Amino acid sequence: MEQHGNMLAIAGSPGSGKTALAVKLAAEIAGKRKNVILVCSDPFVPSVPFLLPMDTEQEVSLGALLTAPVLTQEKILRACVPVPDNEYASLLGYKLGENLMSYPKVTRERAVEFLICLRHLADYVILDCTSVFEADVFSILAMEMADRVLRMGTSNLRGISYYRSHADMLEGRAGTGKYLGAIGNYRTGQEWEAAVGQYGGAAFIFPYVAELEKQYDEARLWDAMTSKEAVPFQAEVKKLLAEAFGLCGEKQGAKNAEKKKLVVRSPFVWKSKGEF
Ligand SMILES: Nc1ncnc2c1ncn2[C@@H]1O[C@H](COP(=O)(O)OP(=O)(O)OP(=O)(O)O)[C@@H](O)[C@H]1O
Ligand SMILES: [Mg+2]
């Protein structure tokens with residue numbers, strides 16, 4: 001039987017919907033009465049202030065944890081911000097008003113120590129990486145240490161340009177089978193098949209959902225989506241959880257994932273890495 005880990009990192013193109021998807025995955029896991037910690041590691045745009053209601057209190061920042069003289073499991077747990085009305089989910093991230101300069105440089109050793117601790121503190125851990133991970137050692141280590149990494153792209157040229165600049169880091173750090181490909185925030189009419197070719201395959205397509213965008217703007221991403229339009233997005237969420245964690249027993253998920261692993265010739269201008 002395939003062994004599943006409990007830690008999934010999400011990395012990839014700016015604006016591809018990594019953070020939004022990370023919340024939807026965490027919410028789905030919590031809905032199954034499993035504890036989940038979502039770590040939003042982006043030090044450039046602190047996430048707690050826009051992923052939870054405005055009046056949410058956050059005592060300890062992820063930045064403080066990652067640079068504290070001593071790290072303990074208790075300290076991590078105390079820093080976890082509970083998601084309102086959701087006893088299974090909590091969030092770790094930077095605090096309102098902070099930026100990368102607010103703390104000393106995070107060391108590789110500390111990031112490793114933190115990630116090892118984290119794995120034991122919850123049933124599942126979702127690591128939402130910053131797209132500017134060259135500047136964030138934590139995001140790099142998150143990709144290295146996670147059991148699975150979802151690398152997300154967009155089906156537009158900006159996303160592909162980003163991927164071309166980061167492909168080595170997004171693909172090259174681990175053994176085979178760890179990386180899953182996805183296209184996020186996919187809008188009808190975009191050439192996703194061509195984009196999938198540029199990303200070397202994508203097992204998951206997360207469509208644009210107006211309801212999700214509204215929830216994001218209103219800090220209500222933890223709420224369930226009720227629109228008909230959201231159904232295919234949620235189906236991909238379930239499929240991903242089945243593939244990454246073996247959660248929910250939807251055997252169909254893995255099968256469909258296989259089917260979608262398309263590598264299509266691209267009509268985009270950049271035909272090969274060399275030409276770029
Ligand atoms: N599937 C989707 N449907 C509708 N809107 C989406 C979807 N995915 C993302 N968005 C919107 O795109 C914007 C960026 O989303 P998000 O912050 O999740 O992307 P990201 O990949 O985490 O970006 P960054 O690289 O800046 O961290 C948000 O306004 C969000 O509402
Ligand atoms: Mg993000």
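Remember, it's a predicted structure, so these values are computed and weren't measured experimentally. Counting convention: from 1, in listed order, for ligands and their atoms alike.
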Are [Y] and [X] an aromatic pair, judged by ring center distance below 6.0 Å?
{"X": "Phe206", "Y": "Tyr186", "value": "no"}
{"X": "Tyr94", "Y": "Phe44", "value": "no"}
{"X": "Phe245", "Y": "Tyr124", "value": "yes"}

Can you find a non-hydrogen atom of Gly184 under 4.0 Å from ligand 1?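 The answer is no, since Gly184 has no heavy atom less than 4.0 Å from ligand 1.
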Does ligand 1 have an atom that lies less than 4.0 angstrom from a heavy atom of Pro207?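 Flag set, Pro207 near ligand 1.
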Considering only non-hydrogen protein atoms, determine which one is nearest to [atom] and report residue, atom name and distance to 0.1 Å.
{"atom": "atom 25 (O) of ligand 1", "result": "Lys18 NZ, 2.8 Å"}
{"atom": "atom 23 (O) of ligand 1", "result": "Gly15 N, 3.1 Å"}
{"atom": "atom 3 (N) of ligand 1", "result": "Val209 N, 2.7 Å"}
{"atom": "atom 7 (C) of ligand 1", "result": "Asn185 OD1, 3.4 Å"}
{"atom": "atom 18 (O) of ligand 1", "result": "Ala20 N, 2.9 Å"}
{"atom": "atom 19 (O) of ligand 1", "result": "Gly17 N, 3.1 Å"}

To which of Phe206, Tyr216, Phe44, Tyr162 does the heavy atom nearest atom 29 (O) of ligand 1 belong?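 Shortest heavy-atom distance from atom 29 (O) of ligand 1: Tyr216.
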Taking atom types as modelled, is there a side-chain donor on [X] or [Y] under 3.5 Å from an acceptor on the other?
{"X": "Tyr208", "Y": "Glu229", "result": "no"}
{"X": "Ser61", "Y": "Glu98", "result": "yes"}
{"X": "Thr19", "Y": "Asp128", "result": "yes"}
{"X": "Lys239", "Y": "Gln234", "result": "no"}

In ligand 1, which numbered atoms sit nearer than 4.0 Å to a non-hydrogen atom of [X]?
{"X": "Phe233", "result": "1 (N)"}
{"X": "Pro14", "result": "25 (O)"}
{"X": "Leu212", "result": "2 (C), 3 (N), 4 (C), 5 (N), 6 (C), 7 (C)"}
{"X": "Ser131", "result": "25 (O)"}

Would you say ligand 1 has an N or O under 3.5 Å from any N or O of Asp128?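 Looking only at distances, the answer is no, because the N/O contact criterion of under 3.5 Å is not met.
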Sole residue of [options] in side-chain contact (heavy atoms from CB on, under 4.5 Å) with [X]:
{"X": "Leu92", "options": "Leu66, Leu38, Ile76", "value": "Ile76"}
{"X": "Tyr216", "options": "Val23, Val209, Leu221", "value": "Leu221"}
{"X": "Phe204", "options": "Ile183, Leu150, Val237", "value": "Leu150"}

Taking heavy atoms and a distance under 4.0 Å, where does Ser13 meet ligand 1: side chain, backbone, both or neither?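 Contact part for Ser13 vs ligand 1: backbone (N, CA, C, O).
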For ligand 1, note which part of Tyr186 has a heavy atom under 4.0 Å away: side chain, backbone, both or neither.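 For Tyr186, there is no contact with ligand 1 at all, from either part.
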Metal proximity, Ser47 vs the Mg ion (ligand 2), N/O/S cut-off 2.8 Å: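 No, Ser47 does not qualify, because none of its backbone or side-chain N, O or S atoms lies under 2.8 Å.
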So, for atom 13 (C) of ligand 1, does the protein have a heavy atom nearer than 4.0 Å?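 Given the 4.0 Å limit, the answer for atom 13 (C) of ligand 1 is no, no protein heavy atom qualifies.
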pair Leu51-Val83: side-chain heavy atoms closer than 4.5 Å: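 No. Closest side-chain heavy atoms not under 4.5 Å.
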